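Counting starts at 1 for both ligands and their atoms, in listed order. The structure displayed is predicted, hence computed values, not measured ones.
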Amino acid sequence: YDSCSTKGCVKTAPDGTLLLRNPHLSSLQTDVLYHLGFDSSQDLPGMFGDVKFVCMGGTKQRMRDFAEHMRQVLQTGPNQLVNLTKRSHRYAMYKVGPVLAVSHGIGIPSMSILLQEVLKLLHYARAPRPLVVRIGTSGGLGLPPGAVVVSSWGANASGERVYELPILGVVRKFPSLFDTRVSQELVSMAREEDPFPTTLGGTMAADDFYRGQARLDGPFCDHSEQDKMAYLQQLRHQGVRNIEMEATAFAALTREAGVRAADVCVTFLDRLLGDQVTASKETLTAWQKRPMIIVGRYISQYCKQN
Ligand code: R2B
Ligand code: URA
């Protein structure tokens, strides 16, 4: 495997700030973070040097809701939430105290562009020891809809725990494991009185919502119901508990940067029972808050202790 498959290599500076092991960056006069609408000539340490948590999720609205949630939990932040990436329009970013909430769109290409620019932003801002958390949605495997899964690893569609990326025409593989300690700490934020279960589990990241997730309801399909069930059962036997579209790249890129990360997703349906997302908009909105609740408790506890 590529990069960082060995433990113990020095990945962060002694003060906990991100080291990026790209020698070419130092020859740039200014580095333009094109999709975020920032560049390194700005006072990034002044703007983002205090960031401790970066929370990412698919939609702009959900990340605005999360910023609002954190404003209430932490009793801090601006009176008016402002989208900091306004100049770029691709994504949305809000800052509430030590929390940066950013949207990443759907799928690995969209998420990984955002994540890589966020990693450079954290580097230039000299933010010490940040934690990056994805709060997402997914399809569950044998879990009640509305359950929350904290990912222990990401697997690709072949069940390999790697993020595959062709670089200069050669397909490279990067291990897609999450920080065990952070994931367990997040699961421990669940409370008995929560109206939903929170579990640790493997997460399969697909490059498609329909056929790529074994669905039968896309515009194209040449596999049978039996083929679908055999595949989903096989994934479940391998320890996969939910399917989404980013986990592998998210785990691998944060790991390569030496940044702790976690993927916390609610499940919108049980894929062993169906393909269509049929819950009402109100129900889905309520379910989407669940990863925010778990992550909010974690951040709140950290802020009280520090
Ligand atoms: C979950 O939901 C989205 C697709 O509907 C995708 O971003 C994901 O991982
Ligand atoms: N997101 C996915 O990628 N798959 C689902 O089934 C639901 C949400």
For ligand 2, which atoms sit closer than 4.0 Å to a heavy atom of Ile243?
->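 Near Ile243, meaning under 4.0 Å from one of its heavy atoms, ligand 2 has 2 (C), 3 (O), 4 (N).
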
Run the numbers for me: atoms of ligand 2, each under 4.0 Å from some heavy atom of Ser138, listed by number.
->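 Result: 1 (N), 5 (C), 7 (C), 8 (C).
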
Between [Y] and [X], is there a side-chain heavy-atom distance shorter than 4.5 Å?
| X | Y | answer |
| --- | --- | --- |
| Ile299 | Val133 | no |
| Phe268 | Trp287 | yes |
| Ser103 | Thr59 | no |
| Leu232 | Gln213 | no |

Using a strict threshold of under 4.0 Å (side-chain N to carboxylate O), is an ion pair present between [Y] and [X]?
| X | Y | value |
| --- | --- | --- |
| Asp217 | Lys228 | no |
| Lys120 | Glu117 | no |
| Glu185 | Arg181 | yes |

Tell me: protein heavy atom nearest [atom], and distance?
| atom | answer |
| --- | --- |
| atom 5 (C) of ligand 2 | Gly139 N, 3.4 Å |
| atom 6 (C) of ligand 1 | Glu246 OE2, 3.6 Å |
| atom 3 (O) of ligand 2 | Gln213 NE2, 2.9 Å |

Looking only at non-hydrogen atoms, find the nearest pair between His24 and Ser27 and report the distance.
->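 Reported closest heavy-atom pair: O-OG, 2.8 Å.
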
Report yes if Ser138 has an N/O atom closer than 3.5 Å to an N/O atom of ligand 1; otherwise report no.
->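 No - when backbone and side-chain N and O of Ser138 are compared with those of ligand 1, no distance drops under 3.5 Å.
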
With only distance considered, is Gly105 within less than 3.5 Å of ligand 1 through an N or O on each side?
->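 No - when backbone and side-chain N and O of Gly105 are compared with those of ligand 1, no distance drops under 3.5 Å.
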
Closer than 4.0 angstrom: is that true for some heavy atom of Gln213 and an atom of ligand 1?
->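 Gln213: no contact with ligand 1 (<4.0 Å).
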
Below 3.5 angstrom, do we get any N/O pair linking Arg215 and ligand 2?
->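 N/O-N/O distance below 3.5 Å exists for this pair.
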
Give the contacting part of Val277 toward ligand 2: side chain, backbone, both or neither, where contact means a heavy-atom distance below 4.0 Å.
->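 Answer for Val277: neither.
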
Side chain, backbone, both or neither: which part of Ala206 comes within less than 4.0 Å of ligand 2 when only heavy atoms are counted?
->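 The answer is neither.
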
If the cut-off is 4.0 Å to any non-hydrogen atom of [X], which atoms of ligand 1 fall inside it?
| X | result |
| --- | --- |
| Thr137 | 1 (C), 2 (O), 8 (C) |
| Phe209 | 4 (C), 5 (O) |
| Arg134 | 9 (O) |

Determine the interplanar angle of the Phe250 and Phe178 rings, folded into 0 to 90°, and report it as parallel if under 30°, tilted if 30 to 60°, perpendicular if over 60°.
->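 It falls in the tilted class, 30° to 60°.
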
Is Leu269 in contact with ligand 2, taking contact as a heavy-atom separation below 4.0 Å?
->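 Yes, Leu269 has heavy atoms under 4.0 Å from ligand 2.
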
Are Phe209 and ligand 2 in contact, using a heavy-atom cut-off of under 4.0 Å?
->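 Contact present.
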
Without swapping roles, check the side chain of Arg290 against the backbone of Val148 for a donor-acceptor pair under 3.5 Å.
->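 Not a single qualifying donor-acceptor pair exists.
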
